[in-house]
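Working notes, beginning with the structure itself.
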Amino acid sequence: MRKTFYILLLLLFSASLSAETDFYRVMWNADPSTSMVIGWNQISGADAVVYYDTVDHGLNVSAYAYSHDVDRAIYTKGMSNRFARLSDLQPNTAYYFVIVDENSVSQRMWFKTTPNVSTERLSFIAGGDSRNNREQRQNANKLVAKLRPHAVIFGGDYTLYGTSTQWKDWFEDWQLTIAEDGRITPIVAARGNHELSNLDLVNLFDVPHSEVFYKMVFGGDLVSVFTLNSEIAISGTQTNWLDSELSIDQSIFRLAQYHKPVRSHHSSKSEGTNQYTYWVPLFDQYRMDLVVECDSHTSKTTWPVVASDAPDNDEGFIRDDINGTVYTGEGCWGAPLRSADDTKSWTRNSGMYNQFKWIHIDQNKIELRTVLTDNADSVSSVDDSDIFTAPENLEIFTPSTGDVVIITKKNITNCVGSCNDNDPCTVNDVFDADCNCYGTFLDSDNDSVCDEYDVCPGGSDLIDSNGNGIPDACDCSIDFTLEDIIACDGDNIILNGPVGYNSYIWSTGSTTRNIIVNESGTYSLSIVDESGCSGIASLDVVIQTCCDNGLPGDSCDDGNANTINDAYDNNCDCVGSPLFELSFRLLLEGHTISSSLQNNELTSKDLIPTQQPFNNNVWNYYGTESISLIPSNLVDWILIKIYDHDNNVIDSKPALLFTNGDVYSVNFTTRIGFDVNPLDAAKVSVHHRAHLAVIGSINQFSSVIDFTQTGNTIGIQQTTPMYGFETLICGDFDNNGLINNMDYNIWASDNSAVNSYLPQDADGNGIVNNLDYNMWAKNKSKVGQPEIRY
C-alpha cells in the first residue's frame, strides 16, 4: 500500500514537490561490499522510504525494484537524523536511490559497493580536521567529488565546538562531495578531540561500535582498515580488541586511522605516550603498513619506522625499511594551519598546507600521495573508467623525496598462524616473518611480573612499603565496579551492591547491600569480605527531566512561525532555532593592524566583559547574554540590529568580533539567529562602542553580510579603506551616529586612562591618549545614515 501511495503522490504532485530531506551521507556498519547505510536529515514529512535499484530510474519512483524503511531515527544537533541500512547488495555494483516521504522526493543519488576480491585496485582519500575554515573545507570536499574514491577515511575534528549550527554547516559543506552525476562517497568516520562524545559519531554516522573503534575489510582480503579512538582509554578493552583482530587478520595490507598522533610534527602538541605504549608494539608485531593521524593541523609522511630504544632512536623510533610502518597525515582539511616545526630524523617530508592523502592499493603495493586542495575549482574530474589517474590541474605535493610513497607488500612467509613458544608469560603466540615463534608478554597490571607468576594480580608485586614481606597490593583490596544510572525525575532508583560480602557502607550512611535514592549525585560503596579485605567503588546517578510528551531533545512545536527544529529543552520547554540566520564579517578602523587582521589587546589585557555591554541608556539593549570564557582571538563585543521595511528595529542581538573579521554568536556559532520572519527583514546595522555604525540592505547579501567589501553599505563614505578592505570609521564615542564635539568631550573627560574598557579608546588597546584623539580629529564631521542617528 505504501508504494502505491507514493506512486500516486508523485504522479499528482511531482511538479510542485520541494525537498523535505537534506544533509545526505552514506557509510557502512557492515561488509562494505554487500551493504550501505544511507543517512539524511528529515526536515519535515513522515513515512520516509529509500527506493533503490541497480538501474537508474531518475525520479520515477515506481520503477525502482527495491525499497527500504528507516531502521534508526535520532534527533541530535538540531537535526532529525534518519538511517536506512541496506544489505544483501551485490559487490562492486552501482546502486541508484531516492528518498521519498509523504511530501517530497529527494534528488537521485548513487553509490557503489566495493569489490570483494583482492584483484581489484582500490582508491581512498584520508584526512581530517575540517573544523572552522569553511572555504578550505569546501575545497577538499569538492575534490572528493572529483576524485571519486571508494571511500573517505576521516580522522575526526569535524567542527570547532560541535554545536548544532556548526554540524549543520558541516553537513551542508559535505554535500559538495556529491558529484554532479549524483555519485555519493561513503565516509569511514573516526572521533577527534573536538567531538565531545562518542554519541556524536554514533548518532550522526551510525558507526558500528558505540565506543567508535571498529574494523572494515575491503576488497576481499586486500586491505583491513582499523578505526581507533584516541579520545577514550587506550589500554584495556580497545587495545585488547586491536590485538585480537590483528592476530587473526589475513589481509594483504593493513591500515589504521585515529586522531591524535603518536609523535606530532608540531612542537606545541603533546606526545601520544599511551598510544606508543599500547598500539605501536602491535603495529610493529603485526606489521601495520600505514597509519593515518590528524590533530596537529600540519602535514607529514615518515619513512617506515619501528619502536626502538636503541642509542640512535629519535623519540622512540628508528627507520626500518623492511619491517616498519609509515605514519602520515596530521590533518589539514580546513582547520587553522600550523607549522611542521618538530620533524624527526625519520620524517620523509612535511609542510604546512591544506591537504589530504590520496591512497591507491593493489595486491602488490600501496601508493600514497599528498593532494593540495586550495585550487579545487580548477581541477577536472576523473572518469569512472579510470579513477587512479590524476585529473588535469590536480596539485600533488612533490618534495625532494618524490611525489609518491610506495609501500610494498611485506615478505610474509608460509609460517603463519598460531604456535607455541613454550613461554608461560606470553599469549597469542604467532610466527614472525622469519618463522620464529613468539608471543605477547602478558602483564595486565604493568608491574614487570607476567600474569603467570603474578603474586598480586591487579597490583604491583614490587612495592612493599611496610616491609612485611607482602606486596602492598596483596595486603587486602577488593576490586569491583558500579554502573552509572540515568533515570527520570520522580523515579526511585535502586543501587545494588555486589553479592556475598560481610559488610556494606554507602556514602549515604546506609549499611544494607541495596539502597533507594531519588537525587542526582555520586554515590560510593565500601565493602568488606570475610577475610577483612576491603574495596570501594562509586557511581554517578543522573536524574533528568522527562517531559510529558517526550524526552529533552525530542521534536515538538513551539507555536512560533519564526523558528525551526523545535525540540524540548532540559526544562521541558519547547524551543526552536530562529528561522532567520545571518553571517557577518567586518573590520574596525584603529583596530586593524594588517591585511584582514585586528588587534586583540583588550582580550590580552583581560579588559573585555563577559556580560554584553549594551545594557545602558545609550544602547537600550537589556538582554542577559554572556560568555563563560574569553577566546584569545576576540576583539570586542558588537551589537546587531534588524529593521523592517518601515525602518523599525524588530530585533537586536549582541555578538562577538574576532581578529580575522569573523563575527560569532554568544554560543560561538558563525550564523547568528534572529527572531523575525525573513520576509519582514529589510536592513541590518552593526554597532561598536567607538565607531560609526553601518547599515546595509539584507536582500542584496543573501545570508552573508560582508562590510569589509565596498558597496555593501547604504549611503556614501560610511566606511574607510585600510589594507585593501573597508573598515568601520572610528570616533563616534557617544554612538549617536554623528562624529562631532560631543565625542571630543567624552575623550577629554578621561584622556589618560590606562587598562580601561572605555568608548573613547578608538584603537582598542586599553589606553586612552592622543592617538585616540587623532583618530577622532581625522573623522570629525562624518555622519551616519538616518536609521542609526538619534
Side-chain angles (χ1 to χ4, degrees), residues 22-41 50 52 56 83-86 89 91-99 106-115 120-128 130 137-156 158 170-190 201 204-207 216 218-219 223 225 227 255 257 292 333-334 355-361 369 371 373 376 379-391 394:
D22 62 5
F23 298 161
Y24 308 109
R25 62 270 202 189
V26 295
M27 45 265 152
W28 295 289
N29 59 18
D31 184 349
S33 68
T34 60
S35 72
M36 188 66 73
V37 179
I38 298 175
W40 68 91
N41 173 41
V50 174
Y52 64 104
D56 183 6
F83 300 102
R85 298 167 177 166
L86 309 187
L89 306 179
N92 203 21
T93 301
Y95 281 86
Y96 303 86
F97 70 93
V98 291
I99 302 167
S106 74
Q107 66 190 82
R108 193 276 293 145
M109 292 163 280
W110 67 280
F111 62 82
K112 192 173 184 179
T113 54
T114 62
E120 294 285 337
R121 195 178 182 191
L122 297 178
S123 172
F124 297 101
I125 286 174
S130 53
R137 180 168 75 193
Q138 291 167 354
N139 284 336
N141 292 350
K142 292 174 184 176
L143 287 179
V144 171
K146 293 181 177 183
L147 294 180
R148 304 166 83 88
H150 288 91
V152 171
I153 300 170
F154 201 92
Y158 304 78
W170 191 91
F171 278 114
E172 179 180 329
D173 292 347
W174 188 251
Q175 305 312 291
L176 295 173
T177 65
I178 303 176
E180 291 183 358
D181 63 351
R183 186 184 189 276
I184 185 169
T185 300
I187 183 172
V188 180
L201 282 296
L204 293 173
F205 297 104
D206 201 37
V207 294
M216 291 281 175
F218 294 88
V223 59
V225 176
T227 295
L255 184 154
Q257 71 153 340
V292 183
W333 201 294
Q355 56 85 29
F356 56 59
K357 307 305 178 186
W358 195 25
I359 302 169
H360 299 159
I361 305 178
R369 295 170 175 84
V371 173
T373 59
V379 177
S380 58
S381 297
V382 300
D383 188 272
D384 276 326
S385 63
D386 180 12
I387 63 172
F388 302 98
T389 299
L394 185 69

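Throughout, numbering of the chain's residues begins at 1 and tracks the sequence. Computed from a predicted model, the values in this text were never measured in an experiment. Only this structure's heavy atoms are used, side chains among them; waters, hydrogens and symmetry mates stay out.
- In this structure, Arg25 forms a cation-pi arrangement with Phe171, its terminal cationic atom sitting closer than 6.0 Å to the ring centre and no more than 45° off the ring axis.
- From Gln107, atom CD reaches atom CZ of Phe97 across 8.0 Å, with rounding to the nearest 0.5 Å.
- For Phe154 and Trp333, the ring centers are positioned less than 6.0 Å apart.
- Side chain of Lys146 to backbone of Ala376: a donor-acceptor contact under 3.5 angstrom is found.
- Residues meeting the salt bridge (charged side-chain N to carboxylate O under 4.0 Å, His left out) test with Asp173, sequence neighbours left out: Arg134, Arg137.
- Taking the ring centroids of Tyr158 and Trp170, they lie under the 6.0 Å cut-off.
- In the model, Trp28 has no side-chain atom that pairs as donor or acceptor with a side-chain atom of Asp206 under 3.5 Å.
- A salt bridge is defined here as a Lys NZ or Arg NE, NH1 or NH2 lying under 4.0 Å from an Asp or Glu carboxylate O, and Arg148 with Asp383 fails to meet this definition.
- Considering only residues two or more places apart in sequence or on other chains, Arg183 meets the salt bridge (charged side-chain N to carboxylate O under 4.0 Å, His left out) condition with none of them.
- Residues satisfying the salt bridge (charged side-chain N to carboxylate O under 4.0 Å, His left out) test with Lys357, not counting sequence neighbours, are none.
- Atoms CH2 and OG1, from Trp110 and Thr93 in turn, are 11.0 Å apart once rounded to the nearest 0.5 Å.
- Checking Thr114, Leu89, Asp31 one by one against Met36, the side-chain contact (heavy atoms from CB on, under 4.5 Å) holds for a single residue, Leu89.
- When ring centroids are compared, Phe83 and Tyr24 stay outside the 6.0 Å threshold.
- With rounding to the nearest 0.5 angstrom, the CG atom of Leu176 is 9.5 Å from the CG atom of Asn139.
- Here the closest heavy-atom approach between residue Ser123 and residue His360 is recorded as OG-CD2, 3.6 Å.
- Ring planes of Phe124 and Phe218: perpendicular class, angle over 60° (limits at 30 and 60°).
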